[in-house]
Protein chains: 2
Amino acid sequence: MRQRTSSSAQALLGLLTIEPMSGYDLRQTIEASIGHMWNESYGQIYPNLRRLAAAGLVQRKTDAKKGKRDRHVYSITRKGRARLAEWLALPAQPEVPRNEMLLKLFFGAQVAPEVSIAHVERMAEQHRAVLDKFKRVEREEIDQHQQHPDAPFWRMAVRYGQMEMEIHLRWAEETLAGLRKLAKKKRGAGLRA
Amino acid sequence: MRQRTSSSAQALLGLLTIEPMSGYDLRQTIEASIGHMWNESYGQIYPNLRRLAAAGLVQRKTDAKKGKRDRHVYSITRKGRARLAEWLALPAQPEVPRNEMLLKLFFGAQVAPEVSIAHVERMAEQHRAVLDKFKRVEREEIDQHQQHPDAPFWRMAVRYGQMEMEIHLRWAEETLAGLRKLAKKKRGAGLRA
DNA sequence: GGGTGCATGTAATGGGTTACATGATTCT
DNA sequence: AGAATCATGTAACCCATTACATGCACCC
């Protein structure tokens, strides 16, 4: 048997320990809270929920509201909790790095410095927005649930993201300064030529 | 027609601006230099080189050494350079986050604190090794080629990795302290119970 | 003789996103 | 009337890793 490398199903299982949710809710929760460390699309969520239900790791209840479309709410079973705990104990496999922005900067000598500057500026803008979101999440989602047993772990995870974004922004500043110096030098050389 | 979102081919094109290389060389170079920001397996490299050659973006030369197996050395063409420059100008698409270690920490309340501690320690160990590698790369690959037009960009990219690893290590320290405190508290509660 | 490194490639498999299909309700 | 949001799901496609196949040279 081949080892399953995917953690999509386990991520869903984990989220369902917080509270029972529908596929739609799961997507919403991911976007709002763990979007920066984990992503999951509907095309993964729905089939996985079906499989989890078939394996008895989650239980599906159909919430029929008159007029409205049926909602399928899933809750984790004891068996599901056990499976989750097993997976949690396994060492995490490291991410495969695929940072397109860095790669483009790496080949920056092939294009005008302005191109690289634009890449770094765009990235800084995005990361500034993400940092703001983290701060909001910490205030609104975590500080609100001080007594919740999950809260300390949520805070640690968010802190990771915050620190990372802050250092990226520092790097961006440094790098932009360097790139602008390079651009000036190049313009000077161009005029002299 | 559907737009190709993959940047694998362009990454190879970029590497071939440094010098002509074989598929094997490319893999080796990736591992040694840009492995932390980009990864590419043989299963991607060889088919992509074939396609690039068919499109006239690279040129293949067979290097037949007597006795030894043939080496296929690829060099980038002017057309290839033009294509690379086009791609470099395009905004980079952000990474899809999939940090399994963070995800597991996020669900840390479901398991003993020791499990989370082990995750963070393992990660710190790995990142310490990567940081060392970055420092080595900076010394051995970049400082050696001061006058190379690519050098400033290489340095910026490596610096990104260094800063990131350093901040992760700082986070790991902080987090381990927090986790150990949690573990102690939990043991205390367990004894009282 | 067997392991390791150089070297090229393909096939199987799996993982994941995007686009599509459907449809009700609510807001503008 | 039409856009946005809630809501569920499937199919097509693409991307990427892994395992496998092959084979020479060199060293122990």
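Chain letters run A, B, ... following the sequence lines, proteins first and then strands; every chain starts at 1.
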Measure CG/B/Leu12 against C1'/C/dT8 and give the value in whole Å, please. 15 Å
Would you please confirm or rule out a distance under 4.0 Å between OP1 or OP2 of D/dT17 and any side-chain N or O of B/Asn39? yes
Atom CG of A/Leu26 to atom C1' of D/dG9: distance rounded to whole Å? 15 Å
If you assign B/Arg50 and B/Asp25 each to the DNA chain C nucleotide with the nearest heavy atom, which residue ends up on the more 5' nucleotide? B/Asp25
In whole Å, I'd like the distance from the CD atom of A/Glu100 to the P atom of D/dA16. 10 Å
Looking at C/dG16, I'd like to know if its phosphate oxygens (OP1 or OP2) sit under 4.0 Å from a side-chain N or O belonging to B/Arg98. yes
Which nucleotide in the set D/dT17, C/dT8, D/dG9 lies at the smallest distance from any side-chain heavy atom of B/Arg71? C/dT8
Output yes when at least one side-chain N/O atom of A/Ser41 is less than 4.0 Å from OP1 or OP2 of C/dT18, else no. no
Please state whether the phosphate of C/dG15, meaning OP1 or OP2, lies under 4.0 angstrom from any side-chain nitrogen or oxygen of A/Ser8. no
Measuring from A/Gln147:CD to A/His145:NE2, what's the distance to the nearest 0.5 Å? 7.5 Å
Atom-to-atom span, CZ of A/Arg27 to P of C/dT18 - whole angstrom: 9 Å
Please check if the side chain of B/His119 supplies one atom and the backbone of A/Leu88 the other of a donor-acceptor pair under 3.5 Å. yes
Rounding to a whole Å, what distance do you find between A/Tyr46:OH and D/dA11:C1'? 16 Å
Spacing between A/Asn48 atom CG and D/dT8 atom P, to the nearest angstrom: 15 Å
Nearest-Å distance, CH2 (B/Trp38) to P (D/dA16)? 7 Å
What nucleic acid atoms does B/Gly43 come within less than 4.0 Å of, heavy atoms only: base, sugar-phosphate, or nothing? base
Phosphate OP1/OP2 of C/dT8: any B/Tyr24 side-chain N/O under 4.0 Å: no
Distance-only, no hydrogens or angles: does the B/Thr77 side chain make a donor-acceptor pair with backbone N or O of B/Gly56 under 3.5 Å? yes
Phosphate-side-chain proximity, B/Ser6 and D/dC14, N/O vs OP1/OP2 below 4.0 Å: no
NZ/NE/NH1/NH2 to OD/OE distance under 4.0 Å, A/Glu138 and A/Arg155: yes
Taking atom C1' of C/dT17 as reference, at what distance in whole Å does atom OH of A/Tyr42 sit? 14 Å
For A/Gln44 and B/Arg60, find the nucleotide of DNA chain C closest to each by heavy atoms; which residue's nucleotide sits nearer the 5' end? B/Arg60
Look only at the side chain of B/Ser7 and the backbone of B/Gln10, and say whether a donor-acceptor pair between them is shorter than 3.5 Å. no
